[in-house]
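Right, one structure below, let's go through it.
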Amino acid sequence: MTEIALNAPEMFDLSGRVAFVTGAGSGIGQRIALGLAQCGADIACLDRRTDGGLNDTVGLIEGAGRKAISIAADVTSKTALTDAVAKTESDLGPLAISVNAAGIANANPAEEMEEEQYQSLMDINMKGIFLSCQAQANAMLRHGKGSIINIASMSGIIVNKGLDQVHYNASKAGVIHMSKSMAMEWVSRGVRVNSISPGYTATPMNTRPEMIHQTKEFETQTPMGRMASVNEMVGPAIFLASDASSFCTGVDLLVDGGFCCW
Ligand code: NAP
């Protein structure tokens with residue numbers, strides 16, 4: 001044996017680190033923000049509305065004994081993101097981790113989709129990820145280290161049966177490849193960039209009452225026979241945020257209950 005490894009649980013310890021999570025007021029982003037805090041990080045929680053759960057996220061993190069700040073901002077604004085990162089560093093300390101989960105979904109047949117519907121989704125799901133990474137990396141590159149995790153989707157790899165969402169699918173394929181491209185630009189400067197591609201996950205995005213028939217379909221189509229809980233996105237995020245993944249960059253981690261195997 002050439003080298004004795006760090007105590008394995010310590011590899012997942014995020015004590016003393018500062019994380020920035022977009023889409024932190026709901027669903028996957030909210031649960032990951034709390035999970036990172038439970039591993040020791042202080043968290044800047046960003047979402048576009050303060051009445052959409054952001055205050056709950058801050059309360060949960062403070063309840064876990066960590067510091068949290070709440071930032072209401074839109075990920076389509078470069079200035080808002082630059083200001084948000086600056087506020088994070090002045091209130092909490094040097095930025096070490098980011099998780100970009102802000103996103104939207106909607107559907108319409110491709111031949112009927114208005115340009116506005118296409119563009120507004122692309123602005124949030126793709127440009128929003130680019131601008132978030134840019135603002136975060138500008139801080140991390142100054143420090144010579146950092147881990148960025150973008151929430152993509154299995155829809156960036158497969159086409160969801162029965163869902164007419166060409167713009168969503170294309171945006172998520174874009175997020176996966178954007179993450180790999182940025183990972184290579186920053187690979188020698190200490191900043192890692194990876195993505196997580198969830199399968200169908202029970203969140204406000206897709207558990208609205210009018211979607212009940214669709215959610216049954218989602219369960220049937222998934223080899224594990226169910227949708228993921230938001231809790232099941234936490235372990236993958238902690239892995240990619242922490243030193244446990246120190247040799248991983250440019251990876252897309254599929255968390256899909258086996259969906260892409262079929
Ligand atoms: P969610 O519960 O709707 O959470 C997304 C959050 O992002 C919401 O609070 C939303 O605010 C916010 N947001 C939207 N646009 C924003 C903007 N321009 N600026 C700042 N915040 C914004 O959805 P989720 O299911 O957790 O989704 C999180 C991410 O996972 C998304 O990128 C989604 O595409 C991805 N994903 C989800 C699933 C799934 O099955 N749920 C599967 C694969 C991938 P509003 O409520 O105001 O829109």
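The first residue in the sequence is number 1, and the count goes up from there. Atoms within a ligand are numbered from 1 in the order they appear, just like the ligands themselves. Small disclaimer: the values here were computed from a predicted structure and weren't measured.
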Q) What's the shortest distance from atom 18 (N) of ligand 1 to any protein heavy atom, and which residue and atom give it? A) Asp74 OD1, 2.9 Å
Q) If you round to the nearest 0.5 Å, how far is CD1 of Ile158 from CZ of Phe259? A) 4.5 Å
Q.
Can you name the atoms of ligand 1, numbered from 1 with element, that are less than 4.0 Å from a heavy atom of Ala73?
A. 19 (N), 20 (C)
Q) Strictly under 4.0 Å, does any heavy atom of Thr22 approach an atom of ligand 1? A) no
Q | Min N/O separation Thr201 to ligand 1 under 3.5 Å | A | yes
Q) Out of curiosity, is Ala24 lining ligand 1, as in a heavy atom under 4.0 Å away? A) no
(Q) Could you identify the single nearest non-hydrogen protein atom to atom 3 (O) of ligand 1 and state the distance to 0.1 Å? (A) Met205 CB, 3.9 Å
Q. What protein heavy atom sits nearest atom 44 (C) of ligand 1, and how far away is it?
A. Ala152 O, 3.2 Å
Q.
Check contact between Phe218 and ligand 1, using heavy atoms of the residue and a distance below 4.0 angstrom.
A. no
**Q.** Within-4.5 Å side-chain heavy-atom neighbours: Tyr168 and Leu163
**A.** no
Q | Met113/Leu121 under side chain to side chain contact (heavy atoms under 4.5 Å, CB included): CA gap, chis, key distance, verdict | A | CA-CA 12 Å; Met113 189 178 294; Leu121 183 139; over 6 Å; no
Q. What part of Thr203, side chain, backbone, both or neither, has a heavy atom within less than 4.0 angstrom of ligand 1?
A. side chain
Q.
Is the contact between Met154 and ligand 1 made by the side chain, the backbone, both, or neither, using heavy atoms and a 4.0 Å cut-off?
A. neither
Q. Short question: side chain of Asn206, backbone of Thr201 - any donor-acceptor pair under 3.5 Å?
A. yes
**Q.** Criterion side chain to side chain contact (heavy atoms under 4.5 Å, CB included) on Ser179 and Asp252, from CA distance to verdict
**A.** CA-CA 8 Å; Ser179 303; Asp252 180 52; over 6 Å; no
(Q) With a cutoff of 4.0 Å, is Ala101 in contact with ligand 1, counting heavy atoms of the residue only? (A) yes
Q | pair Val99-Thr22: side-chain heavy atoms closer than 4.5 Å | A | no
Q: Count the heavy atoms belonging to other residues, nucleotides or ligands that lie under 6.0 Å from CE of Met184, then report whether that count exceeds 12.
A: yes
Q: Just jot down the ligand 1 atoms closer than 4.0 angstrom to any heavy atom of Tyr200, in number order.
A: 40 (O)
Q. At under 4.0 Å between heavy atoms, which part of Ala228 makes contact with ligand 1: side chain, backbone, both or neither?
A. neither
Q: Nearest 0.5 Å please: distance from the CD1 atom of Ile129 over to the OG atom of Ser171.
A: 9.0 Å
Q) Any side-chain heavy atom of Ile148 within less than 4.5 Å of one from Val191? A) yes
Q: Report, in ascending order of atom number, the atoms of ligand 1 lying under 4.0 Å from any heavy atom of Pro204.
A: 2 (O)
Q | Atoms in ligand 1 flagged as close to Gly27, the criterion being non-hydrogen separation under 4.0 Å | A | 2 (O), 26 (O)
(Q) Quick one, His167 and Asn106 - any side-chain contact, counting heavy atoms below 4.5 Å? (A) yes
Q: Report yes if Ser26 has an N/O atom closer than 3.5 Å to an N/O atom of ligand 1; otherwise report no.
A: yes
Q. Does Ile28, backbone or side chain, put an N or O under 3.5 Å from an N or O of ligand 1?
A. yes
(Q) To the nearest 0.5 Å, what is the distance between CZ on Arg192 and SG on Cys248? (A) 6.5 Å
Q) Could you give the distance from CG (Leu95) to CD (Gln136), rounded to the nearest 0.5 Å? A) 6.5 Å
Q. Would you say Lys172 contacts ligand 1, with heavy atoms under 4.0 Å as the rule?
A. yes
Q.
Less than 4.0 Å is my threshold; does some heavy atom of Ala202 fall inside it relative to ligand 1?
A. no
Q.
For ligand 1, which is the ligand I care about here, please tell me if Asp47 has any N or O atom under 3.5 Å from one of the ligand's N or O atoms.
A. yes
Q) Contact between Gly199 and ligand 1, counting heavy atoms under 4.0 Å? A) yes
Q. Taking C-beta and beyond as the side chain, do Val230 and Thr203 meet within less than 4.5 Å on heavy atoms?
A. yes
Q.
Run the ring pair (Phe, Tyr, Trp, His ring centres under 6.0 Å) test against Tyr118 and tell me which residues pass, sequence neighbours left out.
A. none
Q.
Give the atom numbers and elements of ligand 1 that come within less than 4.0 Å of a heavy atom of Ile104.
A. 14 (C), 15 (N)
(Q) Taking 4.0 Å as the limit for heavy-atom contacts, which would you say applies to Ala105 with ligand 1: side chain only, backbone only, both, or neither? (A) neither
Q) Backbone, side chain, both or neither: what part of Arg48 comes under 4.0 angstrom of ligand 1, heavy atoms only? A) both
Q.
Would you say that more than 12 heavy atoms from the other residues, nucleotides or ligands in this model lie under 6.0 Å from the CD of Glu115, or not?
A. no
Q.
Checking the N or O distance criterion of under 3.5 Å, is ligand 1 in contact with Asn206?
A. yes
